[in-house]
Protein chains: 2
Amino acid sequence: MDEVPTGDELLKVLGALGNPHRMRIVGALLEGRNYVSRLARELGIGRPLLHMHLQRLEAAGLVVGTLELSESGKSMKYFELTPFCFALTPQSVASAALTLTEEERPTMKESAK
Amino acid sequence: MDEVPTGDELLKVLGALGNPHRMRIVGALLEGRNYVSRLARELGIGRPLLHMHLQRLEAAGLVVGTLELSESGKSMKYFELTPFCFALTPQSVASAALTLTEEERPTMKESAK
DNA sequence: GATATGTGTCAGCTTTCTTTGACAGGTGCG
DNA sequence: CGCACCTGTCAAAGAAAGCTGACACATATC
């Protein structure tokens, strides 16, 4: 039931969900799949902005987008939620922290000591 | 068992946990309470930086700090984890998104009003 | 052709977060 | 006293995130 992610994966998930717009996007997609332009209108934000947010959610594996051709021939990108499930406890966070790679380093300063 | 937070609360929690240093701090505190200077040495980061990160975690309710007087008379601030437990699913995120206040808006210029 | 829909990207600005060094204070001990 | 700890704060710089308008491309309809 619960997914047990690596530190880097959990970092991307938390970074993706820790934003008002992206939380609202998840809420909007819970009612069904939707395409970018319509989603932008419903949420009242610009499409370039929404595009960026969706990319962040997709990079975290929380949504998936598929480019489809409508019957009229226009290409439309539909996004939908993935059935993710993460538990946030001191234990789960701590075990994820152990697998953090230094690529995600906040700052590197490996001199002598 | 699971905590059901408001949108703003969840936002603070996700923002607090979505950082490599703060994840490591949670991992370090899982082994027991600790005071700031020692924690900074063990994690290899500066005290001012750790102080800021701890403040962020405390603002999210994930840790609590208590200023105590050691037997020798020095004042030391001990931090320890709170037994938090959050479930991250499309449903939990969506319901939290409904209670988001506009105060936590992502950059809004408040010129007129 | 002009308009309306859809797609995506880019540069540049603003805002926030992160980080560091310096500074303030306190206590106990040789 | 000077040294070794502890506490806290501040300003400024650097890095990252957020946001906007303009652009380019496609297709269908008027």
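These figures come from a predicted structure and were not determined experimentally. Sequence lines set the chain letters: A, B, ... in the order given, protein chains first and strands last, and positions in each chain run from 1.
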**Student:** Out of D/dC6, C/dT19, D/dT20, which nucleotide sits closest to the side chain of A/L49?
**Tutor:** D/dT20
**Student:** Describe the nucleic acid contact of B/G46 in one word from base, sugar-phosphate, nothing, applying a heavy-atom distance below 4.0 Å.
**Tutor:** nothing
**Student:** Between C1' on D/dG18 and CG on A/L57, what's the gap in Å once rounded to a whole number?
**Tutor:** 14 Å
**Student:** B/Q55 has an atom CD; how far is it from atom P of C/dT19, in whole Å?
**Tutor:** 15 Å
**Student:** Nearest-nucleotide wise, let me know which of A/P48 and B/V36 is further upstream toward the 5' end of DNA chain D.
**Tutor:** B/V36
**Student:** Looking only at side-chain atoms of B/K74, point me to the closest of C/dG6, C/dG26, C/dT18.
**Tutor:** C/dG26
**Student:** Whole angstroms only, please: what is the CZ-C1' distance between B/R56 and C/dT18?
**Tutor:** 10 Å
**Student:** Can you check whether A/R47 has a side-chain N or O nearer than 4.0 Å to OP1 or OP2 of D/dT20?
**Tutor:** no
**Student:** Would you say D/dG18 has OP1 or OP2 under 4.0 Å from some side-chain N or O of A/N19?
**Tutor:** yes
**Student:** Need one value for A/R38: base, sugar-phosphate or nothing, where a base atom within 4.0 Å counts as base even if backbone is also close, heavy atoms only.
**Tutor:** nothing
**Student:** Is the closest side-chain heavy-atom distance between B/E68 and B/K77 below 4.5 Å?
**Tutor:** no
**Student:** Let me know the distance between CG of A/L69 and P of D/dT27, rounded to the nearest Å.
**Tutor:** 10 Å
**Student:** OP1 or OP2 of D/dT7 sitting under 4.0 Å from any side-chain N/O of B/Y35?
**Tutor:** no
**Student:** In terms of hydrophobic clustering (I, L, V, M, F, W, Y; side-chain heavy atoms under 4.5 Å; direct or indirect links), are B/F84 and A/F86 co-clustered?
**Tutor:** yes
**Student:** For the pair made of CG in B/L39 and P in D/dC5, what is the distance, rounded to whole Å?
**Tutor:** 17 Å
**Student:** Indicate whether OP1 or OP2 belonging to D/dC6 is found under 4.0 Å from a side-chain N or O atom of B/S37.
**Tutor:** yes
**Student:** Determine: side-chain N/O of A/K77 to OP1/OP2 of C/dG8, distance under 4.0 Å, yes or no.
**Tutor:** yes
**Student:** What residue among B/V13, B/V26, B/L81, B/I25 forms side chain to side chain contact (heavy atoms under 4.5 Å, CB included) with B/L62?
**Tutor:** B/V13
**Student:** Under 4.0 Å: is that the gap between some side-chain N or O of B/H53 and OP1 or OP2 of C/dT19?
**Tutor:** yes
**Student:** To check you understand the geometry: which heavy-atom pair defines the closest contact between B/G7 and B/T99, and what is its length?
**Tutor:** N-OG1, 2.6 Å
**Student:** Less than 4.0 angstrom between a side-chain N/O of B/H51 and OP1 or OP2 of D/dT7, yes or no?
**Tutor:** no
**Student:** Measure from NE2 on B/H21 to P on D/dA16 and round the result to the nearest Å.
**Tutor:** 13 Å
**Student:** Please state how far atom CE in A/M76 lies from atom P in D/dC25, giving the value in whole angstrom units.
**Tutor:** 22 Å
**Student:** For A/M52 and C/dT7, what is the distance between atoms CE and P respectively, to the nearest whole Å?
**Tutor:** 17 Å
**Student:** Among C/dG6, C/dT18, D/dT7, find the nucleotide with the atom closest to the side chain of B/S75.
**Tutor:** D/dT7
**Student:** If you measure from the Lys or Arg side-chain nitrogens to the Asp or Glu carboxylate oxygens, is any gap between A/R24 and A/E42 under 4.0 Å?
**Tutor:** no
